[in-house]
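Dumping the structure here so I can ask a few things about it.
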Amino acid sequence: MIVLTSAISNISEMEKIEHYISDIAQNNGHAAMEQLYLCTKDAVYGYALSILKSTHDAEDVLHDCYLSVFHSAPGYTASGKPMAWIFTIVRNLCLSRLRSRSRFSDLPEEDWEPYLETNQQLSPEDRIVLEHCLRDLAEDEREILLLHALSGMKHREIAALMNRPLSTVLSRYHRALRKMRELLKEEDRENE
């Protein structure tokens with residue numbers, strides 16, 4: 001595992017992820033699978049949680065996602081967007097779970113607190129915005145904002161993943177930001 005990590009330390013994160021998937025496909029998978037999991041688990045879990053609104057279901061999808069990645073890696077075609085491929089798997093698993101259970105519940109705020117606390121990529125301001133977002137945004141706005149904020153996906157990638165026009169994704173993203181600004185202004189006025 002040390003050799004695997006040091007051999008690819010000078011390449012970008014997406015290239016590392018593609019390298020891990022390639023190693024998994026070539027049956028060199030255990031060390032590569034561990035590294036893939038470590039560098040993508042937070043984004044995968046966060047995305048699943050944003051759709052399913054249940055920590056238990058999101059954990060199940062997280063597990064199922066990596067099983068699917070392990071078995072589907074030989075069919076993966078490197079395109080420079082491995083996270084889009086992984087998120088497509090997650091989204092399909094989430095939608096399947098929602099269809100099979102025919103439920104869609106509100107996300108308890110406390111389910112997000114541990115995730116936001118441990119995510120090192122988020123500044124304190126980002127955490128505040130995301131906490132408000134989870135309470136006050138429409139479902140599609142929340143999903144787009146979380147994909148962009150938590151996983152760093154570009155709007156084009158989100159549009160492709162959600163099977164929506166780029167203009168729709170952009171307008172909902174900007175609408176969500178406007179709502180967040182208004183919420184923060186209201187909170188500032190209340191705190192004065």
Atom NE2 of H63 with >12 non-hydrogen neighbours under 6.0 angstrom: no
Closest non-hydrogen atom pair, H155 against V169: O-CG1, 3.9 Å
For Y66 against M33, the heavy-atom pair lying closest together: O-CE, 3.0 Å
Contact check, side chains of K81 and M14, non-hydrogen atoms, under 4.5 Å: no
Closest non-hydrogen atom pair, A32 against Y20: CB-O, 3.5 Å
Verdict with reasoning, I86 to L36, per side-chain contact (heavy atoms from CB on, under 4.5 Å): CA-CA 11 Å; I86 292 171; L36 176 69; 4.1 Å; yes
Note, H19 side chain near Q35 side chain (heavy atom, < 4.5 Å): no
More than 12 heavy atoms of other groups within 6.0 Å of R164 CZ: yes
From T55 atom OG1 to D60 atom CG, the distance as rounded to the nearest 0.5 Å: 9.5 Å
Spacing of CD1 belonging to I89 relative to CZ belonging to R91, to within rounding of 0.5 Å: 14.0 Å
4.5 Å side-chain heavy-atom contact, W85 and I21: yes
Residues that R175 engages under salt bridge (Lys or Arg N to Asp or Glu O under 4.0 Å), provided they are two or more places apart: E141
Spacing of SG belonging to C65 relative to CZ belonging to F70, to within rounding of 0.5 Å: 13.5 Å
Hphob cluster co-occupancy, L67 + I24, side-chain heavy atoms under 4.5 angstrom: no
Steps toward side-chain contact (heavy atoms from CB on, under 4.5 Å) verdict (E13, C39): CA-CA 8 Å; E13 195 68 24; C39 72; 3.3 Å; yes
Closest heavy-atom pair and its distance - I17, M83: CD1-SD, 3.8 Å
T168 backbone acceptor or donor facing S171 side chain under 3.5 Å: yes
Closest non-hydrogen atom pair, L62 against Y37: CD2-OH, 4.0 Å
Derivation of the side-chain hydrogen bond (donor to acceptor under 3.5 Å, both in side chains) call for S22 and Q26: CA-CA 6 Å; S22 173; Q26 296 170 10; 3.2 Å; yes
Student check: side-chain heavy atoms of K154 and I158 closer than 4.5 Å: no
For N92, all residues meeting side-chain hydrogen bond (donor to acceptor under 3.5 Å, both in side chains), sequence neighbours excluded: none
Heavy-atom side-chain contact between L52 and Y47 under 4.5 Å: no
For the student: nearest non-hydrogen atoms of Y45 and A58, plus distance: CE1-CB, 3.6 Å
Residues E18, Y76; criterion side-chain contact (heavy atoms from CB on, under 4.5 Å); working and verdict: CA-CA 9 Å; E18 282 198 342; Y76 174 72; 2.7 Å; yes
